[in-house]
Amino acid sequence: MHIVDPYNTPGTYRKAQLHCHTKRSDGRYEPLDLVKRYRDAGYSYVCLTDHDVVTRCDEINDGSFLALPGIEETITWGVAPLGRHLVGLLTADRLGRGSARDRVERTLAAGGIPCPSHPSWTGNLWTASWPAAALADLPGPFLVEIWNPHSEPAEDARRWAAAARAHGADTRIGGVAVDDCHTPSQFDRAWVMVKSEEVSAEALRRALLSGAFYSSTGVEAEFGVEGRAVVFSSGADEVRVLDSLDRVRAAQAGGSGRYEPGGDEGFVRIECRAGPMRAWSQIFWL
């Protein structure tokens with residue numbers, strides 16, 4: 001049995017925010033104010049994802065910090081503003097039309113990374129959620145938000161696992177935690193730690209598409225493979241190992257340990273808990 005290790009790559013962990021809003025749509029911050037605030041909070045990357053408009057803010061970009069363009073578009077259901085939301089990371093243009101599948105394909109073709117937003121959100125008169133079947137129907141690779149302040153994390157993680165199971169080992173489906181920041185109370189609550197050798201848009205793209213990152217709301221962690229075991233080290237009080245059917249295969253007190261798969265899991269993922277804070281590994285396919 002071979003365990004596919006998405007973390008088996010050189011680099012340093014760098015903090016990244018993949019979903020936030022400015023005054024160019026419905027956020028409270030001017031773009032420069034927001035990216036400075038993320039930089040000062042220790043982030044290496046921030047992707048601006050205003051609603052239906054691409055916002056750029058390159059003024060303070062340097063070798064240690066990048067503010068990058070993105071967008072959050074509504075896939076209209078009937079009439080605006082009803083419909084699901086789709087984030088496009090590292091995209092320079094608004095798509096503005098087309099089905100979810102078509103927009104994901106065009107985002108990937110343009111070098112961007114698609115990310116369905118807050119899968120279990122009940123907003124827009126219950127037209128905005130992404131059921132597991134809808135995620136399974138999208139072409140990959142793509143990311144899924146598994147922590148967003150407007151959604152239900154446990155359910156979102158289950159939908160992420162179901163989408164990964166449906167796509168199989170050859171298509172990377174990543175699970176990300178995001179602020180979806182509009183107001184000061186939503187700032188710096190959830191992020192991803194990407195593993196890269198440099199701070200660049202291409203390094204971020206590679207890490208996100210290969211799974212060389214973990215998601216967090218405050219727990220620091222390390223994940224990897226040693227021999228026939230998935231290993232983990234974190235500041236958590238409890239660690240759970242889940243399989244492709246979202247069943248808990250192991251649970252332990254304390255944040256460090258190892259799990260040797262039996263071979264029937266399909267894949268495993270690790271969830272670290274410290275009070276209300278979490279960290280989530282990416283998927284280890286068997």
Side-chain angles (χ1 to χ4, degrees), residues 17-28 47-55 69-91 93-108 112-167 173-183 185-187 189-192 208 215 217 246 278 280:
Q17 181 55 239
L18 304 180
H19 189 161
C20 58
H21 299 275
T22 78
K23 286 186 175 181
R24 299 298 179 269
S25 60
D26 58 350
R28 298 282 183 87
C47 293
L48 300 172
T49 55
D50 279 317
H51 291 281
D52 300 311
V53 62
V54 174
T55 298
I71 193 169
E72 183 178 18
E73 292 194 90
T74 301
I75 303 168
T76 303
W77 186 86
V79 295
L82 303 184
R84 297 168 179 153
H85 290 185
L86 178 69
V87 164
L89 302 170
L90 310 179
T91 57
D93 298 300
R94 181 186 179 191
L95 298 177
R97 58 181 176 78
S99 67
R101 185 178 186 86
D102 174 62
R103 295 188 198 212
V104 167
E105 288 176 342
R106 286 192 285 148
T107 298
L108 290 168
I113 303 175
C115 181
S117 305
H118 34 64
S120 63
W121 182 47
T122 58
N124 290 359
L125 297 178
W126 292 272
T127 65
S129 71
W130 292 88
L135 296 173
D137 187 54
L138 297 177
F142 58 85
L143 307 174
V144 177
E145 291 182 354
I146 59 173
W147 198 97
N148 181 303
H150 307 294
S151 199
E152 204 289 301
E155 176 58 27
D156 291 343
R158 284 190 287 269
R159 296 185 188 190
W160 165 49
R165 184 173 66 247
H167 281 273
I173 309 297
V176 298
V178 301
D179 279 350
D180 196 355
C181 177
H182 296 76
T183 66
S185 65
Q186 295 167 343
F187 175 81
R189 295 180 63 189
W191 54 87
V192 298
L208 293 175
S215 297
T217 61
D246 229 38
R278 300 284 187 271
W280 299 265

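Worth saying up front: this structure is predicted, and the values here are computed from it rather than measured.
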Under 3.5 Å, which donor-acceptor pairs link side chains of residues 74-88 to any protein atom two or more places apart or in another chain?
from: T74; atom 1: OG1; to: H85; atom 2: NE2; distance (Å): 3.4
from: R84; atom 1: NE; to: S129; atom 2: O; distance (Å): 2.7
from: H85; atom 1: ND1; to: E72; atom 2: OE2; distance (Å): 3.1

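Two residues are said to be in side-chain contact when any heavy atoms from C-beta on lie closer than 4.5 Å; L208 and L18 meet this criterion. Looking at P149 and R189, their side chains come closer than 4.5 Å, going by heavy atoms from C-beta outward. Taking the side chain as every heavy atom from C-beta outward, P69 and T55 never approach each other to under 4.5 Å. Looking at heavy atoms from C-beta onward, W160 lies in side-chain contact with I173 at the 4.5 angstrom threshold. Between H150 and D180, some side-chain heavy-atom pair lies under the 4.5 Å cut-off. Residues I146 and W280 are in side-chain contact: their nearest non-hydrogen atoms beyond the backbone lie under 4.5 Å apart.
With values rounded to the nearest 0.5 angstrom, L89 atom CG is found 11.5 Å from I71 atom CD1. A distance of 8.0 Å separates CZ in R103 from CZ in R94, rounded to the nearest 0.5 Å. Annotation: the span from E145 atom CD to H118 atom NE2 amounts to 6.0 Å, rounded to 0.5 Å. Note that NE2 of H19 and SG of C115 are 8.5 Å apart. Values are rounded to the nearest 0.5 Å. Once rounded to the nearest 0.5 Å, the distance linking CG of D52 with OG of S25 reads 8.5 Å.
Scanning all heavy atoms of the two residues, the minimum distance from R24 to D50 falls at CB-OD2, 3.3 Å.
Between the side chain of T107 and the backbone N or O of G112 there is no donor-acceptor pair closer than 3.5 Å. Side-chain N or O atoms of R158 include none that pairs as donor or acceptor with a backbone N or O of D246 at under 3.5 Å.
Legend: residues meeting salt bridge (Lys or Arg N to Asp or Glu O under 4.0 Å) with E105, ordered by chain and number and at least two apart, are R101. Here T183 pairs with R28, S185, Q186 under the side chain to side chain contact (heavy atoms under 4.5 Å, CB included) rule; sequence neighbours left out.
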